Amino acid sequence: MSETTSKTYDPTAVEHRWQERWAESALYKTDEDPSKPKHYALTMLPYPSGDLHVGHWYAMTPSDSRARFMRMRGYRVLFPIGFDAFGLPAENAAIRRGIHPRKWTYSNIENMRGQLKQMGAMFDLDTEVVTCDPEYYRWNQWFFLKFMEKGLAYRKEAPVDWCPKDNTTLAREQVVGPDRRCERCGTPVVKKNLAQWLFKITDYAEELLDFSGVEWPERVKTLQTNWIGRSEGAEIAFDVPGYGPIEVFTTRPDTLFGATFFVVAPEHPAVEKITTLEREADVRAYVESAGRMTEIDRTDVTREKTGVFTGAYATNPANGEAIPVYAADYVLLGYGTGAIMAVPAHDERDFEFAKKYGIEIRTVIAPPDWDGEPLAEAYPGEGLMVNSDGFDGMPNTEGKKAVTDDLEAKGVGRAAVTYRLRDWLISRQRYWGTPIPVIYCPEHGAVPVPEEDLPVRLPEDAEFMPTGESPLKLDPEFYNTECPVCGGPATRETDTMDTFMDSSWYQYRYLSPHYDEGPFDPEEGEKWLPVDQYTGGIEHAVMHLLYTRFFTKVMRDLGLVSFDEPMTRLFNQGIILGEDAEKMSKSRGNVVNPQEFVDRYGSDALRCFLMFIGPWDQGGPWDSRGIEGIARFLRRAHSLVAGGDASGGEADPKELPRRTARLVKKVTEDLEAFRFNTALASLMEHTNYLLAVKKEAGEEEWRDALRAFVLLLAPLAPHHAEEMWALMGLPYSVHVQEWPGYDEGLVRAEEITLVVQVNGKLRDRIDAPVDISAEDAKELAMKSEKVRSHVEGREIRKSIYVPGRLVNFVVG
RNA sequence: GCGAGAGUGGUGGAAUGGUAGACACGCUAGAUUUAGGAUCUAGUGCCCUCGGGCGUGCGGGUUCAAGUCCCGCCUCUCGCACCA
């Protein structure tokens, strides 16, 4: 170890030296001391793209600082890291350059391990997890089997979303925007009819709406709530003579008497059967044209509604009326029952349709001051029921239940809840993922691979050129197998799993990455679970964060864990933008390379600058010049212990203990609340003060103050603080020291600046003792020349004294 | 259309209803330096007759006092969107 006496700070050398020392001394090996309270801190695991970019730094280093802070405050902290290593980029890179995805991925991981070390984070690398390792994905398969056992995994043939560029199906969550694009590559998705495996996340829809067990940002809770999209209403059967009942879902059973027509989705299985002979040609033409339409056109809200009369009539169960049945593409097969009762008077869409096709618009909920005339537009609001037989005069809010009860009594309806949430489609037609552990036998159908045969290994030498078919289909050695039940010839499932499967439970695997009797060691689980503090981007609000909650609830029902929520607290950091305030991208040429700044200013400067830019949840543009300010601050801080010039300036050395106590309070509260920017601002301000009093301060007080300062700096600038600590001759390591405390009594000032206002306008500032009485304060204020000139000759109508702060005279 | 969030100096941003603009970038002047860079010192919201006046998207309101609370607008960002 080289000497730590240099006067100037050479970040590269110093940081490297401490990183080596930390590794040698296993400083960041997870503390298992059972006498300490546990703190499981987790930052979202990165995809091994090859380079740690500045976005990784922005996500990870504040998270690291927070974990370090908790450690110094006396918690035993688990702060693991791993790699989300399955997924398309590896496969695409392989296709482009002819390297095997495994090789590409592992060489990227190797590279990133070095970069992570350079970051100076306290990750415990012994717990590292790589999700493409059979040791890991074996448990993906195990979970799949458990899901199958519980009836939570099922296979279904249906029209699914297909990305033509990525050549795979997607989960509903991975289709984004009004124009339905692939979340990964932005290509508009198309529908394809395929047999796919799904997880029954909808079974947990109701429980997933309950956020009482988590302290999460409102924003995430709202996003998930909207995504799940709970609607309360009723299911009502409308009889179609000659066919049978067709069920509809409605949130407005109170408007049932106003249902003057009926609509089914063009793809609804009933369409073919109910269409009358003379309407057949028209209906067929319409259904075909709807089928040809792209998803984008079809869901365009501004398009005029179209539809076709089927010739059939449905019976309104409320009044026995026969109402015409239309097929129209504004009704979607995928939501509710794919059929609706149309109430034009009280639904905008039905109103538009009825106008166009000349269907009766019957008011059944009277708007306030209604004159009995036909409505000029749909009235979706509240009111009294009319034209509704025995329900007339009832407020419609009560009518919802009353009508539903009535239908239930007649056996033609019931209260019902519908969710927008769809089951999670997990099949992917790509190579670089977890093989789905199922075998198809001509005799026994879809048979789960026996647990003891796991893992079903991904073959190494597969052909992974994208053809639109699963690459594993081209590997007879893989897919030809025997039926586990009868031993007869059978074939394996050739689809792989969605990579969101991997990240749904990785936080559990970190506890015991090599445990081979289960997904994690339950003893370790007792010690650490659940995650106390999770940090990551908001973009995962309805994908990863919903899936991992679902997984945890299933794990609870499997008896693996005893809690309901995977992560108690969540903090969403913002996004770091390019210098032009645009999203960083290679095509824009605004990508910031962190290495450049680490080389020039050191990793502490980069860490601190990213935390100083602004509130962490806000993100913001990078500023290459701004980092200079942080580098300057760190150099100045270093000069506190390493000699160098102390600056003059006005500052009172007697204030040293008080200012230190205040700083401790401020930084503690700020780090507690993730306000890294203001914590750093306070440390900068304090540094400027310390430099100003350096020459005059008493030796002992100076040392105490400096010690506290270095401890406060430690979570934010770990290398720097370690160096300063060593230069002060204090024992290694600063990072295992106790967080400083402070004396509340000392925090309070003896002297205050009394602000004097006249009619709310600032007129003077006067030094006064902190405990000055209201009378004395007013008297003192009145002595001020500046105040008197504004008060003289006018009547003082009122005077206010805010203790320790200000006096306000109200004059006439 | 519905829902959520945000509008403060040239810039990033600070402000338990009580001194608006902390801290930093940038800029100006000075010191040091052969010069540049670095460093240090001072200044830096706008207007001004140097008394002060005006200032937190706009318009009202509550209050002794409003960036902060209430009402109504405008703009921007994000999410959802024919969801029955």
Side-chain angles (χ1 to χ4, degrees), chain A residues 8 176-178 217-223 225-227 229-231 233 248-252 255 263 265 298-303 305 328-332 334-343 346-350 352-353 380 418-421 538-539 541-542 581 609 612-615 617-618 620-633 635-636 639 644-649 675 677-688 691 753-765 786 789-790 797-811:
Chain A
T8 52
V176 297
E218 283 307 318
R219 185 149 165 237
V220 175
K221 295 194 277 185
T222 305
L223 282 169
T225 302
N226 292 345
W227 186 259
R230 184 181 197 274
S231 294
V248 301
F249 173 75
T250 179
T251 54
R252 295 297 302 274
T255 64
V263 189
R298 170 132 182 214
T299 53
D300 179 6
V301 195
T302 57
R303 198 179 111 242
K305 303 214 175 337
D329 63 9
Y330 78 94
V331 171
L332 311 171
Y335 185 78
T337 60
I340 64 161
M341 63 178 215
V343 184
H346 305 290
D347 181 283
E348 266 175 57
R349 296 153 299 177
D350 298 345
E352 185 193 331
F353 194 86
T418 295
Y419 303 92
R420 206 179 69 109
L421 181 71
I538 187 84
E539 66 275 16
V542 293
F609 178 61
F612 183 66
I613 267 179
D617 55 355
Q618 222 169 77
W622 171 261
D623 178 4
S624 293
R625 285 189 300 195
I627 193 173
E628 293 274 0
I630 285 286
R632 205 169 286 146
F633 155 66
R635 276 197 297 272
R636 286 163 67 83
S639 75
D645 297 332
S647 55
R675 289 188 299 253
N677 58 329
T678 49
L680 276 159
S682 309
L683 287 165
M684 287 178 183
E685 205 172 359
H686 194 73
T687 302
N688 295 338
L691 281 168
T753 302
L754 186 69
V755 172
V756 187
Q757 298 180 337
V758 178
N759 285 346
K761 285 194 165 65
L762 174 74
R763 293 305 175 193
D764 203 2
R765 297 161 209 217
K786 290 175 188 168
S789 69
H790 286 93
R797 287 211 292 244
K798 196 173 178 180
S799 60
I800 284 123
Y801 173 63
V802 181
R805 283 194 175 271
L806 63 73
V807 171
N808 187 12
F809 294 112
V810 184
V811 300

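Predicted, not measured: the structure shown is a model, and the values here were computed from it. Each chain gets a letter, A, B and so on, in the order the sequences are listed, and its residues count up from 1.
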Inset, instruction - Answer with base, sugar-phosphate or nothing: what part of the nucleic acid does A:V802 contact at a heavy-atom distance below 4.0 Å? - result: base
Inset, instruction - State whether a side-chain donor-acceptor pair under 3.5 Å links A:N226 with A:R420. - result: no
Inset, instruction - Nearest whole angstrom, please: distance from the P of B:rU11 to the CD1 of A:I627. - result: 22 Å
Legend entry - Side-chain (A:N808) to main-chain (A:G760) donor-acceptor, under 3.5 angstrom: yes
Legend entry - Gap between atoms CZ and P, on A:F633 and B:rC40 respectively (whole Å): 14 Å
Inset, instruction - Would you classify A:R805 as touching base, sugar-phosphate or nothing, given that sugar-phosphate means primed atoms plus P, OP1 and OP2, and contacts are heavy atoms under 4.0 Å? - result: base
Inset, instruction - Determine the Euclidean distance between corresponding P atoms of B:rG5 and B:rC83; express it in Å to zero decimal places. - result: 23 Å
Legend entry - Atom P, compared across B:rA22 and B:rC2: separation rounded to whole Å: 40 Å
Inset, instruction - Under 4.0 Å between any heavy atoms, over every strand shown, what does A:V343 touch: base, sugar-phosphate, or nothing? Just pick one. - result: nothing
Inset, instruction - Tell me which of A:N226 and A:G620 sits closer to the 5' end of RNA chain B, going by the nucleotide each one is nearest to. - result: A:N226
Inset, instruction - Side chain of A:R303 only, please: which of B:rC64, B:rC82, B:rA84 is the nearest? - result: B:rC82
Inset, instruction - Report the nucleotide, chosen from B:rA84, B:rC83, B:rC64, that has the shortest atom-to-atom distance to any side-chain atom of A:I800. - result: B:rC64
Legend entry - Whole-Å P distance, B:rU77 and B:rA31: 49 Å
Legend entry - Nearest-angstrom distance, P atom, B:rA24 to B:rU41: 11 Å
Inset, instruction - Please report, rounded to the nearest Å, how far the P atom of B:rC83 is from the OH atom of A:Y330. - result: 10 Å
Inset, instruction - Would you indicate what A:I613 reaches in the nucleic acid, counting non-hydrogen atoms under 4.0 angstrom: base, sugar-phosphate, or nothing? - result: sugar-phosphate
Legend entry - C1' atoms of B:rA20 and B:rG45, separation to the nearest Å: 10 Å
Legend entry - Salt bridge A:D617-A:R219, side-chain N to carboxylate O under 4.0 Å: no
Legend entry - Minimum heavy-atom distance A:S799-A:F809, with the two atoms named: CB-CD2, 3.7 Å
Inset, instruction - Evaluate the side-chain proximity of A:Q757 to A:I800: yes if any heavy-atom separation is below 4.5 Å, no if none is. - result: no
Inset, instruction - Hey, could you give me the CG/OG1 distance between A:L683 and A:T678, rounded to the nearest 0.5 Å? - result: 10.0 Å
Inset, instruction - For nucleotides B:rG67 and B:rU8, find the distance between their C1' atoms and express it as a whole number of Å. - result: 7 Å
Inset, instruction - Name the residue closer to the 5' end of RNA chain B, choosing between A:V755 and A:P621 according to the nucleotide with the nearest heavy atom. - result: A:P621
Legend entry - B:rG9 and B:rG59, which share atom name P, separated by this distance in whole Å: 15 Å
Show me the protein contacts with nucleotides 20-24 of chain B, counting only N or O atoms at under 3.5 Å.
unit_1, atom_1, unit_2, atom_2, d
B:rA22, O2', A:E685, OE2, 3.4
B:rA24, OP1, A:N688, ND2, 3.0

Inset, instruction - Identify the heavy atoms of A:I630 and A:F609 that sit nearest to each other, and give their distance. - result: CG1-CA, 3.7 Å
Inset, instruction - Determine: side-chain N/O of A:R763 to OP1/OP2 of B:rG53, distance under 4.0 Å, yes or no. - result: yes
Inset, instruction - Look at the side chain of A:R420 and decide which nucleotide, out of B:rC78, B:rG13, B:rA81, has an atom nearest to it. - result: B:rA81
Inset, instruction - Report the distance from atom NZ of A:K798 to atom P of B:rC64, rounded to the nearest whole Å. - result: 4 Å
Inset, instruction - Establish, with yes or no, whether the OP1 or OP2 oxygen of B:rA84 is under 4.0 angstrom from a side-chain nitrogen or oxygen of A:S231. - result: yes
Inset, instruction - Report yes if the side chains of A:I613 and A:N677 come closer than 4.5 Å at any heavy-atom pair, otherwise no. - result: no
Inset, instruction - Quote, to the nearest angstrom, the C1' distance that separates B:rU56 from B:rA6. - result: 13 Å
Inset, instruction - Answer syn or anti for B:rG7, where the cut-off is 90° from 0 on the glycosidic torsion. - result: anti
Inset, instruction - Measure from CD on A:Q618 to C1' on B:rG5 and round the result to the nearest Å. - result: 10 Å
Inset, instruction - State whether the side chain of A:N759 and the backbone N or O of A:V811 hold a donor-acceptor pair below 3.5 Å, judged by distance alone. - result: yes
Inset, instruction - Starting from the C-alpha separation in whole Å, work towards a yes-or-no answer on side-chain contact (heavy atoms from CB on, under 4.5 Å) for A:H790 and A:V756. - result: CA-CA 11 Å; A:H790 286 93; A:V756 187; over 6 Å; no
Inset, instruction - Would you mind classifying the nucleic acid contact of A:P615 as base, sugar-phosphate or nothing, using non-hydrogen atoms under 4.0 angstrom? - result: sugar-phosphate
Inset, instruction - Classify the angle between the aromatic ring planes of A:Y330 and A:F353 as parallel (below 30°), tilted (30 to 60°) or perpendicular (above 60°). - result: tilted
Inset, instruction - Determine, for A:K221 against A:E218, whether the closest basic-nitrogen to carboxylate-oxygen distance falls under 4.0 angstrom. - result: yes
Inset, instruction - Using whole Å, report how far OH of A:Y801 lies from C1' of B:rA65. - result: 16 Å
Inset, instruction - Please tell me which of the listed nucleotides, B:rG3, B:rC64, B:rA84, lies nearest to the side chain of A:N808? - result: B:rC64
Inset, instruction - Give one of base, sugar-phosphate or nothing for A:K761, where a contact means two heavy atoms less than 4.0 Å apart. - result: sugar-phosphate
Inset, instruction - Look at all strands and tell whether A:R635 reaches a base, only sugar-phosphate, or nothing, counting heavy atoms closer than 4.0 Å. - result: sugar-phosphate
Inset, instruction - Measure from CG on A:L806 to P on B:rU16 and round the result to the nearest Å. - result: 15 Å
Inset, instruction - Please work out if A:D623 contacts a base, only the sugar-phosphate, or nothing of the nucleic acid, heavy-atom cut-off 4.0 Å. - result: sugar-phosphate
Legend entry - Spacing of A:H346 atom NE2 relative to B:rC82 atom P, expressed in whole Å: 23 Å
Inset, instruction - Select base, sugar-phosphate, or nothing to describe what A:L223 touches, counting heavy atoms under 4.0 Å on all strands. - result: sugar-phosphate
Inset, instruction - Please map the stems of RNA chain B, keeping only stretches of three or more Watson-Crick or G-U wobble pairs with both distances under 3.5 angstrom. - result: B:1-7 with B:74-80, B:10-12 with B:23-25, B:26-31 with B:39-44, B:45-47 with B:52-54, B:57-61 with B:69-73
